[in-house]
2 protein chains.
Amino acid sequence: MNQEQPGPARRGHGNRKPAATIYDIARHLGLSPSTVSRALNKPGRVNAKTEQRIREAAAALNYRTNPMARALPTGRTNTLGLILTDITNPVYFTLVRGAERVAAAAGYTLVIAESQESGELEAESAERLLQSVDGLVLVASRLDDASIGALAERKPLVLINRVVDGVPGVVPDVVPGIRDALDHLAVLGHTSLAYLSGPSVSWMSRVRWETLLDEAPRRGMTIVEIGPGAPTLDGGQEGFRRVRASGVSAVVAYNDLMAIGLLRACRCAGVDVPSQLSIVGFDDIFGSDFTSPPITTIRTPLDLAGEEAVHQIVAALSEGDVPEPRRVSAQFVRRESTAAPGRPLVV
Amino acid sequence: MNQEQPGPARRGHGNRKPAATIYDIARHLGLSPSTVSRALNKPGRVNAKTEQRIREAAAALNYRTNPMARALPTGRTNTLGLILTDITNPVYFTLVRGAERVAAAAGYTLVIAESQESGELEAESAERLLQSVDGLVLVASRLDDASIGALAERKPLVLINRVVDGVPGVVPDVVPGIRDALDHLAVLGHTSLAYLSGPSVSWMSRVRWETLLDEAPRRGMTIVEIGPGAPTLDGGQEGFRRVRASGVSAVVAYNDLMAIGLLRACRCAGVDVPSQLSIVGFDDIFGSDFTSPPITTIRTPLDLAGEEAVHQIVAALSEGDVPEPRRVSAQFVRRESTAAPGRPLVV
DNA sequence: GCCGTTTTGCCAACCGGTTGCCATTCCGGG
DNA sequence: CCCGGAATGGCAACCGGTTGGCAAAACGGC
């Protein structure tokens, strides 16, 4: 008679049919919902024969467990959050990919959010995500140490490219890469360098600068910091005038994006790279090997960092043991944007 | 006495303090949870004075509404899903960014999943996401029409770069861009073209090919299809031998990635671009303007497509009216990988 | 046939919100 | 002073799972 299926009020919009629940299966089979739940999740808890019937009914009804309904009593969402400063920054491609793979393998869904380089937006995203997530990965966080500590107290949290006392983090060791890069520049005959620095709130930019500041003088080279600037093509381009004015023969940029931006500005201004200015980038992003000339860079293996961070969270979530963080370190990649200094830049 | 807070079992791992609930606020104020709920969500439903007290208590306890608990009775998660073939493909950067911005503006969280060019994985992701999401955006879906139709019946769904009858979709109109590109090549004097095609399951690749097949002869040019190939640098590189063997003077690649791959292969083989071979790409991805030479390409405004798709879903979710899809069309971008044909490619 | 143990399934409470409906209070008007 | 209606807050059911505890059933040994 009720060919129109008057039934209970439809959920959602339009007239879509509601998803099957364990109650549907139970009713169908004359069992209790709790039995269905156990059959599906506690292997061996119910009779094998019954379990088989339940599984078949579930398949027939195309049943999927409702993640929210499960999360409510268990407190586990099987979801991990990843917050980064800028989705469109190529540095993070491989990081996201690595994190995604490991998360998926461990049965977690990864939710990606973007803070657009703003600490405020980041705090907001973190706050929102924290509710619906089992753990959080913060990449190059712009938050202050205290805020990060507070977040870490609420849910398992791992940092990437940032170190905060008492909070687990994975950060590639830049020292080997920087040493090799400086050796390379020294051998070529460079004696005056500049560091084109990134955002002032970037912990990573400071680390790179401090390392350069430490290592350059040991090789008899002078070094100055130029910046801070936005970690983008534009940021690099904007640094050009100051680089030129500084009279240095080689520049290490905070990242490849800035290096490429600087490279462009040089080309526009008729400054030849590498004969008039050597440029070294950071990260080895997609695209840095098909600029002209290809960018010499210091590769930070962020795919590994992404994998490792998620590994740590998953481990913290399952047992609580310390899984001995794998060490990842940066690696110098020689390409063609560096050469022996020729004519001085300022004529 | 209970200075150790024996209380109910802690949720989650470690000894993190549980989040405040509306019950905490209610108890604190001697009110009912339902009053708290209404005070926070139904403006005007409770006495302004009471509402004020509740808001203050909520702030003091740092209360955040639990999204899962809310989603359960309402069926609304305030989450949108976005499934694409390959996160690391630069084409999608701006698309993701655009979608994210619109989603955030409308109060939705965007969950991004990757299908790795596999229809099976895509189906699985879609199935999993569908439970916890209010709507879904499928980018360049590898699923067959029937599966897509089935998904669309369960939740609001919008396609990007794919057309399926009865399912809303946004796909940039490539015709204007292709016409301009062909005009450009014709004026330069090219008479024989090749299309380096993408994956055979890519609807978009077929559309581009059909359009070329239609338009090239009208301009007195011959055209052949070479492929299919992977839509990656490698895919482009692998097409090189066949392009060379075909003897054409200009190639239109399925996308910029393949164009760049082909460009590299040319350089390796000592074939000069553009004097010996003209190359046109698609999409205008990050990086296509700093290759050497910069790639002439047909830009598909995927940021707009991403925005538009999310707009449509949000509209479907809020009212159900048809928001008159905004038309987005591809645009020819002339750079330096195209020139008049010089010496024939095969000597 | 009896008893103890194990297996198997169900009851009911709970997670943290939302919401229909009802009871009470408050208000002004007649 | 009485009445009707609006304003306000509470009760209880519900969303769809999970889980501790228990009772019934099955089983096995003597």
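The chains referred to below are lettered A, B, ... by the order of the sequence lines, with proteins before strands, and numbering in each begins at 1.
Heavy atoms of B/Lys42 sit under 4.0 angstrom from primed sugar atoms or phosphate atoms, though from no base atom. Note on A/Thr21: only backbone sugar-phosphate atoms sit closer than 4.0 angstrom, heavy atoms only; bases stay farther off.
Note: CD (A/Gln131) to P (C/dC15) measures 17 Å, nearest angstrom. We find that CD1 of A/Ile22 is positioned 6 Å from C1' of D/dG16, with the value rounded to whole Å. Protein atom CD1 of B/Ile25 is 11 Å distant from nucleotide atom P of C/dT18, rounded to whole Å. Rounded to whole Å, atom C1' of C/dG17 lies 8 Å from atom CG of A/Leu72. In this entry the distance linking CG of A/Leu31 with P of C/dT8 reads 13 Å, nearest Å. Here C/dG16 presents its C1' atom at 12 Å from CG of B/Asn41, a figure rounded to the nearest Å.
Between B/Asn66 and C/dG17, a side-chain N or O to OP1/OP2 separation shorter than 4.0 Å is absent. Taking 4.0 angstrom as the limit, B/Thr35 places a side-chain polar atom (N or O) nearer than this to OP1 or OP2 of D/dG10. Contact annotation: A/Ser34 does not reach the phosphate of C/dC11 (side-chain N/O to OP1 or OP2, under 4.0 Å). Taking only side-chain nitrogens and oxygens, A/Ser37 comes nearer than 4.0 Å to OP1 or OP2 of D/dT18. Not one side-chain nitrogen or oxygen of B/Tyr23 sits closer than 4.0 Å to the OP1 or OP2 atom of C/dT18.
Nearest-nucleotide assignment on DNA chain C puts the 5′-proximal partner with A/Gly44, out of B/Tyr63 and A/Gly44.
Side-chain atoms of A/Arg142 and A/Ser115 form no donor-acceptor pair, as typed in the model, at a separation below 3.5 Å. Counting only N and O atoms by type, the side chains of A/Arg70 and A/Asn41 include a donor and acceptor under 3.5 Å apart.
With distances taken from any side-chain atom of B/Ser32 to the nucleotides C/dC11, D/dC11, D/dG17, the minimum falls on D/dC11. Candidate nucleotides D/dG9, D/dC15, C/dC10 were compared by shortest atom distance to the side chain of B/Pro73, and D/dC15 ranks first. The side chain of B/Thr50 lies closest to D/dG9 when the candidates are D/dG17, D/dG9, C/dG9. Proximity note for A/Arg70 (side chain, C-beta onward) versus D/dG9, C/dG9, D/dT18: the nearest is D/dT18.
The base of D/dG9 is paired with the side chain of B/Arg45 by a donor and an acceptor separated by under 3.5 Å.
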